[in-house]
Amino acid sequence: MNDVFLGHKIHGIKCNPNFFLSKQLIMSGDYYGNIHFWHIFKKKKISKSFKCHHGVLIQMKIIPIINELITAGWDGFIKYWLNFKN
């Protein structure tokens with residue numbers, strides 16, 4: 001293992017991370033429905049995170065060409081975030 005990115009709470013739940021390569025970010029959901037971001041090369045958490053779901057955020061995907069984000073959570077919703085900017 002080369003790098004470890006810390007700073008989110010998962011409480012034993014599998015939250016699939018994803019990449020936003022054009023902005024050099026790793027992102028992951030957490031147990032509380034928030035999405036968190038880390039800068040890949042600086043190996044540093046970006047303080048900006050936001051609430052996406054009520055309950056576990058288990059999956060997220062960036063559509064980089066149109067700068068949009070899709071998230072899925074245990075609350076039963078799949079959300080489509082227009083004009084996503086971090």
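Atom-to-atom distance recorded for Leu25:CG and Phe37:CZ is 7.0 Å, nearest 0.5 angstrom. Between atom CD1 of residue Ile35 and atom CG of residue Leu69 there is a gap of 5.0 Å, rounded to the nearest 0.5 Å. Summarising the geometry, atom CG belonging to Leu82 is positioned 9.5 Å from atom CD1 belonging to Ile63; distances are rounded to the nearest 0.5 Å. Distance check: Phe50 CZ to Trp81 CH2 gives 5.5 Å after rounding to the nearest 0.5 Å. Note: Met27 CE to Thr71 OG1 = 10.0 Å, rounded to the nearest 0.5 Å.
Trp74 has its ring centre no less than 6.0 Å from the ring centre of Tyr31.
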*asked:* Run the side chain to side chain contact (heavy atoms under 4.5 Å, CB included) test on Asn34 and His53 for me, step by step, so that the C-alpha distance in whole Å, both residues' side-chain angles and the decisive distance to 0.1 Å come before the verdict.
replied: CA-CA 7 Å; Asn34 301 309; His53 292 269; over 6 Å; no

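Residues Gln24 and His39 are in side-chain contact: their nearest non-hydrogen atoms beyond the backbone lie under 4.5 Å apart. Counting only heavy atoms from C-beta outward, the side chains of Ile70 and Ile78 approach each other to under 4.5 Å.
Crowding of Lys79 atom NZ: a count of heavy atoms from other residues, nucleotides or ligands under 6.0 Å exceeding 12.
Checking side-chain atoms of Lys51 against main-chain N and O of Tyr32 turns up a donor-acceptor pair under 3.5 Å. Of the possible polar contacts, one joining the Asp75 side chain to the His54 backbone as a donor-acceptor pair under 3.5 Å is found.
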